[in-house]
Trainee: 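The structure follows.
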Amino acid sequence: MTHSKPPLWRDHRFWQIIVQLAAVICAILIVVILGLNLNRNLQQLGIKFGFNFLQQEASFDIGETILSYQPTDTYTRALLVGLINSLRVAIAGIFLTTIVGITAGIARLSDNWLVRNISLVYVEIFRNTPLLLQLFFWYFAVFLSLPNVEHKASVLGLIKFSQNGIELLGLNFSPEFSTLLLGLTFYTASFIAEIVRGGIQSVAKGQWEAGRSLGLKPSLIMRLVVLPQALRVIVPPLTSQYLNLAKNSSLAIAIGYPDIYFVASTTFNQTGKAVEVMLLIMLTYLTFSLIISFLMNLLNHTVQIQEK
Amino acid sequence: MQEQTQIIVAENVHKWYGKFHVLKGVDLIVDRGEVVVLMGPSGSGKSTFIRTFNALEDYQEGSIRINGITLSNDLRNIELIRQEVGMVFQQFNLFPHLTILNNVTLAPIWVHKLSKIKAKELAMQLLERVGILEQANKYPGQLSGGQQQRVAIARALAMQPKIMLFDEPTSALDPEMVREVLDVMKNLAREGMTMVIVTHEVGFAREVADRVILMDSGSLVESATPELFFTAPKQERTRKFLSQIL
Amino acid sequence: MQKIQLTWLRKNLFNSWYNSLLTILCLLLIIQFIRKFVWWTIAEAQWQVVQVNLPLFLVGRFPQTSYWRLWIVLGIITFLIVITWSVFITQKNLIKHKFINLLVPWLAPTWLLSCPLILWFMGGGLGLQSISTNLWNGLILTLLMAVISIVISFPLGILLALGRTSNLFIIRWFSILYIEIIRGLPLIGILFIAQVMLPLFLPTELRLDRLIRGIAGLVLFSTAYMAENVRGGLQSIPREQIEAAKALGLPTPLVIILVVLPQALRAVIPAIVGQFIGLLKDTSLLSLVGLVELTGMSRSILAQPQFIGRYAEVYIFVGLLYWVFCYSMSLASRRLEKQLIN
Ligand SMILES: Nc1ncnc2c1ncn2[C@@H]1O[C@H](COP(=O)(O)OP(=O)(O)OP(=O)(O)O)[C@@H](O)[C@H]1O
Ligand SMILES: [Mg+2]
């Protein structure tokens, strides 16, 4: 604007710059002070910052691995093994929880009173108790009190449960992995069920009637008409549930499943490299989050576009 | 001397939204006590223009002086000007979480630092003037559109402004409620308030306006007394516009 | 009467052949499950572990002679909750409740002020016999940690949300950075940061209590989520509300305090209750960093030699405690949500 300039302190652009400058200075000050403290504290503890330790021998055992791993391998290798274990449980969990969640969500709207209420009870129990407690329950109260290997409990001979975990079609899953997978699946699915129910209910009644007037069966209307529309409402909150599942997989440490967090934590206990380990953990989970968000954004994009 | 009669002086005002040139060098002078009606097709920039008067929109070139105060980046001037200028919106924009009374007393208490008692007295007076005294303790959601708009006028008046801006104050109202709002505005005009009104109410403009202005794609096309404007417009553009709305 | 029941059955359970099949299948499963569960509850389970340790579960090792102090705390909290609840439930017909109307502006400050009071009653000092935080365990610690953390993260979350929606570039990006990093990390990692890293970042002289570090972790975590909830509320406020307030001559801080926040916060109350439920459940993770709250207590009780292996009993009981709190709050929040929509 071209007119007489006001004094600096009455110009709002001046204040905008000042406030932001102050924020930056504050941030720098905080970082510097914390950094100095950290430096001093680390010196007192006799720890040097650096990632060299990653090349050292890990010398701890990891209970279950997909990559070959020995205690003589490096920390890098150990962390990699943990990372893969994390991915394994997170991917399987996301897959299973989607199935269970959608089933429970649809069941919540079933015209069968019994089915509807079973689903309700399931949802209300699982989402109103802590996941950690559920994990302890599955692990200590269920798996560890199952019959031992010789007397497997089995369902139709396909799935066998024992203290040694789950055996499915010849594949063996450790009790730790099974616990974590089941725990994450059923906990997250109870939230997904509510999301799915909300999404389906958000689709106008008229759509059902339109489908019926075309002579479609209810199951077909659900699949062809209602679900695709409900997806638009469902996908965004579903993303945050997937993110939660991935993050919650770090509770593996509570039952001794060697995921990345568990391995990193052991690494910290042995090396005392708190800062480095923390950075690694942050990097890992932020990468997880970014990947999931990215994939779900793609999905969201396709789902939202179908409308037009 | 000039400042005494001219209360709004806008000179060569330009505004861009990105590349889009909304106001293309608009000049307007409004005298104290004058009632100016601004008309024009949708998207011509009427709202944008009058919203520059109380700094709800900024502008890139030109100058605007309100009651002798220049509108600029000067924070104090913006505050001063907003106290001089009251505004009434198409959608009322009452604060839904406050009672009618609190809507009206908000600015007097927090801006003019009036005591609660004084502010309430003032508010009651104004609410009586717009005919909503009985509803003072209700919430905006419990009132009809016409009533809400009258509260909005009272709320703006509570700042005791020298100028009132109206941006299509009756466009969101059911037809039967338009009158009650226009009546309040007529009274205001009669009392000598300076008013700039964006409206398509031709009858109202004829009766109340001192001047009617046509705005089209960011420029003022014609400015005349209501008689001339509606009966003998000079510009072709005005004739065309009138044929569309009459 | 009988006919009505029959039609109900037909309509809700046996309206088609596959529904009938489903019903029968479910019934079989349920009966099987209930029979087993009831049998286990009555005959196999040894509830002694709960009976004997009940005080430990609820108040931990808080000295018995000072239980009266806990009763007072319980009284204060109950009082606050009742008042708050009645305010929100009656807010639509406020005119009839002049008294409650008067309370509204005092609500938030009272909650904030009650925090030190509660801490004083629990911790002692200033004339009361002081009780070490090591003795604050069990359910009471769980509730305390959740309440304190949410109360602290509330104002911080509002500031952060304002920062994130600010048009000041740097402020906005700092806020976004903080929120997104925290939301990308698992809580256990943040608690680890608070327990292990915080002392490293602070001067050596400043030794924080384990409890304080736990709260710091929860606050770091929950502030980011609070900010996102509040941001949802801020975005739900139409721009016109802000313009109307500015047109009245209100300076920006007053616009935010008087017009934007009251509306935004009201809109996100259900979300905040939801967040509190989540936080209450999440306090269980404190047991992994050495705090003996409800979950931690159950683990140390399970380590008692005479109760080895009574996992199911303990976890079911503890789960029930969590459930009662979470479920009642989720009911309350749904009720509020309905209230807000009307
Ligand atoms: N924030 C904005 N960003 C970009 N363009 C805008 C913005 N606000 C308004 N415009 C454009 O500026 C032009 C003028 O808008 P304005 O609201 O002033 O018109 P108007 O004359 O008041 O129309 P109406 O009668 O519809 O209210 C319009 O073309 C509009 O699309
Ligand atoms: Mg307009």
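If you're wondering where the values come from, they're calculated on a predicted model, not measured in any experiment. Letters A, B, ... are given to chains in the order of the sequence lines, protein chains preceding strands, and every chain is numbered from 1.
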Trainee: What distance do A:M282 atom CE and C:I182 atom CD1 have between them, rounded to the nearest 0.5 Å?
Mentor: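 That separation rounds to 7.0 Å.
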
Trainee: Could you grab the distance from atom CG of A:N39 to atom CG of C:L200, nearest 0.5 Å is fine?
Mentor: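 A:N39 CG to C:L200 CG: 11.5 Å, rounded to 0.5 Å.
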
Trainee: If you measure from CD1 on C:I188 to OH on A:Y285, what distance do you get to the nearest 0.5 Å?
Mentor: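 The OH atom of A:Y285 is 9.5 Å from CD1 of C:I188, to the nearest 0.5 Å.
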
Trainee: Would you say CH2 of C:W39 has more than 12 non-hydrogen atoms from neighbouring residues, nucleotides or ligands within 6.0 angstrom?
Mentor: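 Not more than 12 within 6.0 Å, no.
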
Trainee: Taking side chain as everything from C-beta outward and backbone as N, CA, C, O, which of these in A:S289 sits under 4.5 Å from a heavy atom of chain C? Side chain, backbone, both or neither.
Mentor: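 Answer is side chain: those atoms of A:S289 sit under 4.5 Å from chain C.
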
Trainee: Which region of A:L144, side chain (C-beta onward) or backbone (N, CA, C, O), has a non-hydrogen atom less than 4.5 Å from a non-hydrogen atom of chain C, or is it both or neither?
Mentor: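 A:L144 has no heavy atom closer than 4.5 Å to chain C.
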
Trainee: Would you mind checking which part of A:A27 comes under 4.5 Å of any heavy atom in chain C, side chain (CB onward), backbone (N, CA, C, O), both or neither?
Mentor: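 The side chain, not the backbone.
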
Trainee: May I ask you to decide if C:R183's main-chain N or O and A:K247's side chain share a donor-acceptor pair within less than 3.5 Å?
Mentor: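 The answer is yes, because a donor-acceptor pair under 3.5 Å joins these two groups.
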
Trainee: Would you confirm whether C:K281, through its side chain, and A:R127, through its main-chain N or O, come within 3.5 Å as a donor-acceptor pair?
Mentor: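 Checking the backbone N and O of A:R127 against the side chain of C:K281, a donor-acceptor pair under 3.5 Å is found.
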
Trainee: If you define the side chain from C-beta out and look only at heavy atoms, does anything of A:N128 sit under 4.5 Å from C:S330?
Mentor: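 Answer yes - side chains close enough.
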
Trainee: Hey, do the aromatic rings of A:F268 and C:F192 have their centres closer than 6.0 Å?
Mentor: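 Aromatic pair counts; centres sit under 6.0 Å.
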
Trainee: One pair to check against side-chain contact (heavy atoms from CB on, under 4.5 Å): A:V19 and C:I170. What are the steps and the verdict?
Mentor: CA-CA 9 Å; A:V19 167; C:I170 293 175; over 6 Å; no

Trainee: Which atoms of C:V318 come close to chain A, meaning under 4.5 Å heavy atom to heavy atom: side chain ones, backbone ones, both, or neither?
Mentor: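 Contact with chain A: backbone and side chain both.
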
Trainee: Are the aromatic rings of A:F140 and C:Y311 close, with centres under 6.0 Å apart?
Mentor: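 When the ring centroids of A:F140 and C:Y311 are compared, they turn out to be within the sub-6.0 Å range.
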
Trainee: Flag the pair A:F137 / C:I316 as yes when at least one side-chain heavy-atom distance between them is below 4.5 Å, and no otherwise.
Mentor: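 Side-chain contact under 4.5 Å: yes.
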
Trainee: Other residues, nucleotides and ligands only: do more than 12 of their heavy atoms fall within 6.0 Å of CZ on C:F325?
Mentor: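 Open: at most 12 neighbouring heavy atoms sit under 6.0 Å from CZ of C:F325.
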
Trainee: Return yes if some donor-acceptor pair links the side-chain N/O of C:W323 with the main-chain N/O of A:F126 below 3.5 Å, else return no.
Mentor: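 No; zero donor-acceptor contacts below 3.5 Å.
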
Trainee: Below 4.5 Å, heavy-atom pairs only: which of A:Y139, A:F288, A:F136 has the largest tally toward chain C?
Mentor: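 Looking at each of A:Y139, A:F288, A:F136 in turn, A:F136 comes out on top.
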
Trainee: Nearest heavy-atom pair of A:L132 and C:S284: which atoms, and what distance?
Mentor: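 Looks like CD2-O, 3.3 Å.
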
Trainee: Side chain, backbone, both or neither: which part of A:Y261 has a heavy atom under 4.5 Å from chain C?
Mentor: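 The side chain, not the backbone.
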
Trainee: About how many Å separate CD1 of A:I118 and CD1 of C:I30, when rounded to the nearest 0.5 Å?
Mentor: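 Between C:I30 CD1 and A:I118 CD1, I get 3.5 Å after rounding to 0.5 Å.
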
Trainee: So for C:L168, is it side chain, backbone, both, or neither that comes closer than 4.5 Å to the heavy atoms of chain A?
Mentor: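 C:L168 touches chain A through backbone and side-chain heavy atoms alike.
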
Trainee: Nearest 0.5 angstrom please: C:L288 CG to A:S250 OG, how far?
Mentor: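 Going from CG on C:L288 over to OG on A:S250, the span is 9.0 Å.
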
Trainee: I need the minimum non-hydrogen distance between C:T23 and A:L114, along with the two atoms involved.
Mentor: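 Shortest heavy-atom contact: O-CD2, 3.6 Å.
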
Trainee: Return the CD1 to CD distance between C:I171 and A:Q16, rounded to the nearest 0.5 Å.
Mentor: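 If I round to the nearest 0.5 Å, the distance is 10.5 Å.
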
Trainee: Would you mind reporting whether C:P186 and A:N248 have side-chain heavy atoms less than 4.5 Å apart?
Mentor: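 Not in contact.
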
Trainee: Against chain C, label A:Q44 side chain, backbone, both or neither, depending on which of its atoms sit under 4.5 Å from a heavy atom there.
Mentor: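 For A:Q44, side-chain heavy atoms alone lie under 4.5 Å from chain C.
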
Trainee: For C:W47, does the CH2 atom sit with more than 12 other heavy atoms under 6.0 Å from it, leaving out its own atoms?
Mentor: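 Yes.
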
Trainee: Looking only at heavy atoms, which two atoms of A:A23 and C:F174 are closest? And how far apart?
Mentor: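 Looking at all heavy atoms of both residues, the shortest contact is O-CE1, 3.7 Å.
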
Trainee: Counting heavy-atom pairs under 4.5 Å with chain C, which one of A:L38, A:I33, A:T129, A:N112 comes out on top?
Mentor: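 Result: the option with the highest number of such pairs is A:N112.
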
Trainee: Heavy-atom cut-off 4.5 Å, strictly under: side chain, backbone, both or neither for C:S20 against chain A?
Mentor: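 C:S20 has no heavy atom closer than 4.5 Å to chain A.
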
Trainee: What part of C:E313 gets within 4.5 angstrom of chain A, counting heavy atoms only: side chain, backbone, both, or neither?
Mentor: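 Neither part.
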
Trainee: Near A:R40 CZ, under 6.0 Å, is it more than 12 heavy atoms from other residues, nucleotides or ligands?
Mentor: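 Yes, enclosed.
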
Trainee: With chain A, which of C:V314, C:L25, C:V196, C:L280 has the greatest number of heavy-atom pairs at distances under 4.5 Å?
Mentor: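 Counting heavy-atom pairs under 4.5 Å, the top option is C:V196.
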
Trainee: Salt bridge or not between A:E194 and C:R334? Use side-chain N to carboxylate O under 4.0 Å.
Mentor: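 Salt bridge flag = no for C:R334 with A:E194.
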
Trainee: Which residues, numbered in order, of residues 293-302 of chain C come under 4.5 angstrom of chain A by heavy-atom distance?
Mentor: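 Expected list: C:T295, C:R299.
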
Trainee: Checking heavy atoms, do the side chain of C:L185, its backbone, both or neither come under 4.5 Å from chain A?
Mentor: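 Both parts, backbone and side chain.
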
Trainee: By a 4.5 Å heavy-atom criterion (distance strictly below it), what part of A:L45 contacts chain C: side chain, backbone, both, or neither?
Mentor: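 The side chain, not the backbone.
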
Trainee: Verify, without hydrogens or angle tests, whether A:Q20 (side chain) and C:F169 (backbone) share a donor-acceptor contact under 3.5 angstrom.
Mentor: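 Yes.
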
Trainee: So, the side chain of A:N41 versus the backbone of C:L202: is there a donor-acceptor pair under 3.5 Å, distance only?
Mentor: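 The answer is yes, because a donor-acceptor pair under 3.5 Å joins these two groups.
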
Trainee: Over all heavy atoms of both residues, which pair between C:I181 and A:L286 is shortest? Give the atoms and the distance, please.
Mentor: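 Taking C:I181 first and A:L286 second, the nearest heavy atoms are O-CD2, 3.8 Å.
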
